Amino acid sequence: MINEIFGVWNYWIVFTLMMIGLYIVISKKSLLKKVVGLAIFQTSVFLLYITFGKIAGGTAPIITNNSEEIYSNPLPHVLILTAIVVGVATTALGLALIVRINKAYGSINEDEISAVDLVDYHEKFSEKKNK
Amino acid sequence: MDLIIKNLPILIVITPLMFSLIVAVLPNQRHSWFLTNLASLLTLFFSILLGIEVSEKNLISYHLGNWPPPLGIEYIVDKVSIIPIFIIAVISCLASSFAHNFFTSEVYNNLISKTYSLWLLTIAGLMGLVTTADAFNLFVFLEISSLSAVALVAMGSKVDKKALVAGYNYLILGAIGATFYVIGVGLLYGVSGTLNMSDLSQKIPELGLNKSVIVAFTFMILGIMVKAAIFPLHIWLPNAYAYAPSPVSILLAATATKVAIYILARISFTIFGTSYDIYSFESLRYILLFLSICAMFAGTVMAIFEKDTKKLLAHSSVAQIGYIILGISLVTKAGIASSFIHLINHALIKAGLFMSVVAMSFYTFKRIDATSISGIGRQMPITFFAFIICALSLAGLPLTVGFISKLYLIKAAYMSEGIWLPFLILLSSALSLVYIWKLIEGLWYDVDKNNKLKIKELPEIYIPLLIITFLNIYFGIDAGLIINSSYNAAEALLNGIK
């Protein structure tokens with residue numbers, strides 16, 4: 001029992017973070033909080049990759065004279081460097097869109113945005129009727 | 001020339017990518033439009049060369065930087081991937097030549113060069129998605145194409161601020177989908193130690209029944225299903241297509257979801273095909289079948305009640321994606337071939353429909369919905385003629401491409417499921433006639449007496465439109481090319497299954 005929890009400690013962290021991130025994206029009304037949730041969600045994946053690249057007691061993958069030296073798998077680390085860049089780009093694009101949404105709507109709350117859209121729609125509709 | 005032939009698989013990706021960098025810094029919009037066209041034409045040229053090569057060799061494997069797979073990244077072009085390559089090349093060529101007038105009127109002036117740059121970046125990303133045979137490289141291209149597509153959608157904010165929210169929703173859902181995919185790839189790498197697709201397909205059966213592989217498969221398929229907008233994961237699609245600048249709607253509607261569907265087929269047949277019987281993926285087949293039937297009806301019904309024409313076409317796209325997935329979910333040669341036939345045909349149909357609809361709204365400076373424009377078809381006979389042909393093609397009338405794909409889909413469905421499935425397909429096609437008729441009636445019969453708009457149709461707008469309309473009819477009469485290449489693709493995909 002103890003081994004099941006603490007032996008795979010990293011994976012528990014990964015999936016807790018993953019669910020927290022996904023929950024924030026789904027439940028929060030603020031667009032900014034959604035982007036934050038998305039960032040947490042993506043970070044959990046980085047941690048997942050790093051976890052199975054790591055070997056206990058392993059060093060950096062550098063050629064030494066000692067041929068029996070244990071080293072960590074470098075490939076997941078490299079992949080995650082790419083994924084971090086992608087994650088930063090996603091967050092940056094999301095934040096840039098939020099700035100523009102705030103300028104256009106005067107709010108970054110999902111409900112208020114759809115309320116503005118609804119008001120616009122009704123104004124357009126009544127204009128047509130008056131004509 | 002020999003050098004070009006050798007490097008063709010990377011050239012179709014790198015040409016738009018490099019041109020996008022040049023286009024971004026050009027101050028003059030006309031120059032950037034010209035370079036965009038040049039890049040698309042070059043890509044089309046390379047794709048044609050590639051098509052000739054593939055018909056001789058069956059499979060071209062390209063090692064990036066001469067690092068041999070499975071360690072290096074491998075690009076593969078075979079009979080399957082050549083189909084989406086051609087779709088992207090042809091559509092991007094026609095849509096870029098069509099784009100100039102629309103971007104000038106629908107995008108802020110200082111952003112036009114950047115829009116062209118993003119446009120080319122999207123094409124590069126989509127091309128990369130199709131050619132790469134490395135599971136992680138696929139994720140990178142997925143993000144290149146979808147991030148630039150999001151920015152393109154948000155460019156529509158000059159016309160309607162809803163484009164910003166549509167882009168934002170597309171970004172969030174797309175990012176969740178891509179992250180799901182990358183979780184799956186990670187789990188798969190954790191148990192098999194490789195990222196190369198053909199290497200994965202050999203190593204997965206050796207693992208036997210493994211929980212990680214099942215979870216990985218689920219994550220990957222779910223992630224791609226978001227990108228492919230398969231019902232019920234399609235909610236980002238209607239708004240993104242409706243509020244994007246007009247040329248972007250055409251490009252995305254005709255290529256983005258098609259490429260995602262191609263990846264879905266690749267994952268389920270190339271990577272997991274070899275372990276098909278170990279995990280009994282038969283059950284997944286029924287889930288996809290059920291979802292595609294739901295999509296067929298949900299998309300059509302939503303389209304019937306939709307007023308905004310661009311959104312109506314987007315809802316109809318959801319239904320058409322249902323047809324394509326239906327073919328794949330049959331897992332027979334005829335079924336997969338029919339879904340590839342519809343993949344090509346639907347790209348032609350939707351590109352034509354979006355082109356004619358946005359051309360009408362361009363001349364009249366209005367969004368087209370059920371009431372805003374009536375009888376406009378009489379003032380622009382060429383555009384309306386193209387619209388009619390494409391709309392009838394969507395409904396599946398004989399002598400158009402739509403008929404060919406419906407015919408083969410119904411045949412395949414009847415052969416493997418019996419009479420009930422063709423009945424459902426026909427029912428949903430009949431329902432689609434309702435919204436098509438709604439459009440035609442509004443555009444032709446409701447003549448508005450007060451409307452004194454004088455419209456002169458511009459050749460740079462109607463020539464690409466007529467080309468695509470011609471393709472719609474030509475491949476409806478002489479469908480041999482499409483059918484043969486689809487059957488070859490289906491055979492190549494099913495070879496993987498054991």
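Being a predicted model, the structure only gives us computed values, none of them experimental. Numbers restart at 1 for each chain; the letters A, B, ... are given by sequence-line order, proteins then strands.
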Practice item. Verify side chain to side chain contact (heavy atoms under 4.5 Å, CB included) between B/V185 and A/L79, making sure each step is shown before the conclusion. Key: CA-CA 11 Å; B/V185 172; A/L79 296 181; over 6 Å; no
Check your understanding: Between B/F180 and A/L22, is a side chain to side chain contact (heavy atoms under 4.5 Å, CB included) present by the stated rule, with each step listed?
Key -> CA-CA 11 Å; B/F180 264 52; A/L22 204 55; 4.2 Å; yes
Practice item. Answer whether the closest heavy-atom distance between the side chains of A/M18 and B/I183 falls below 4.5 Å. Key: yes
Review point. So how far is it from A/Q42 CD to B/T179 OG1, rounded to the nearest 0.5 Å?
Key: 4.0 Å
Review point. How long is the gap from OH on A/Y121 to NZ on B/K162, to the nearest 0.5 Å?
Key: 9.0 Å
**Study point:** salt_bridge(B/K161, A/D120) N-O dist < 4.0 Å
**Key:** yes
Check your understanding: Relative to chain B, which of A/V35, A/V85, A/L48, A/V86 shows the most heavy atom pairs under 4.5 Å?
Key -> A/V86
**Study point:** Distance, nearest 0.5 Å, that separates CG of B/L147 from OG1 of A/T90
**Key:** 4.5 Å
Exercise for review: Take atom NZ of A/K54 as the centre, draw a 6.0 Å sphere, and report whether it contains more than 12 heavy atoms from other residues, nucleotides or ligands.
Suggested key: yes
Exercise for review: Starting at CD1 of B/I172, measure out to CG of A/L38 and round the result to the nearest 0.5 Å.
Suggested key: 5.0 Å
Review point. Can you tell if the side chain of A/Y49 reaches within under 4.5 Å of the side chain of B/Y189, non-hydrogen atoms only?
Key: no
Review point. In terms of heavy-atom contacts, does OH of A/Y71 have more than 12 from other residues, nucleotides or ligands at under 6.0 Å?
Key: no
Review point. Would a distance-only check, ignoring hydrogens and angles, find a side-chain to backbone donor-acceptor pair under 3.5 Å from B/Y168 to A/I98?
Key: no
Point to revise | Part of A/V14 lying under 4.5 Å from any heavy atom of chain B | key: neither
**Study point:** Contacting region of B/S157 [heavy-atom separation from chain A under 4.5 Å]
**Key:** side chain
Study note, to complete from the structure: With chain B, the option among A/V25, A/T51, A/D117, A/V116 that has the most non-hydrogen atom pairs under 4.5 Å is A/D117
Point to revise | Side chain to side chain, A/L75 and B/L195, heavy atoms closer than 4.5 Å | key: yes
Practice item. State whether the number of non-hydrogen atoms from other residues, nucleotides or ligands found under 6.0 Å of B/K203 atom NZ is greater than 12. Key: yes
Practice item. Counting only heavy atoms closer than 4.5 Å, note whether A/I113 contacts chain B via side chain, backbone, both or neither. Key: side chain
Check your understanding: Is chain B contacted by the side chain of A/A83, its backbone, both, or neither, given a heavy-atom distance below 4.5 Å?
Key -> both
Review point. From A/K34 NZ over to B/N169 CG, what is the distance, rounded to the nearest 0.5 angstrom?
Key: 7.0 Å
Check your understanding: Do you know the tightest heavy-atom contact between B/G167 and A/L97?
Key -> C-CD1, 3.9 Å
Review point. Chain A: which of B/V140, B/I176, B/L71 shares the most heavy-atom pairs with it under 4.5 Å?
Key: B/I176
Exercise for review: Would you indicate whether A/D111, at its atom CG, is surrounded by more than 12 heavy atoms from other residues, nucleotides or ligands within a distance under 6.0 Å?
Suggested key: yes
Review point. How long is the span from the OH atom in B/Y170 to the CG atom in A/L93, to the nearest 0.5 Å?
Key: 11.5 Å
Point to revise | Heavy-atom neighbours of A/Y23 OH exceed 12 at 6.0 Å | key: no
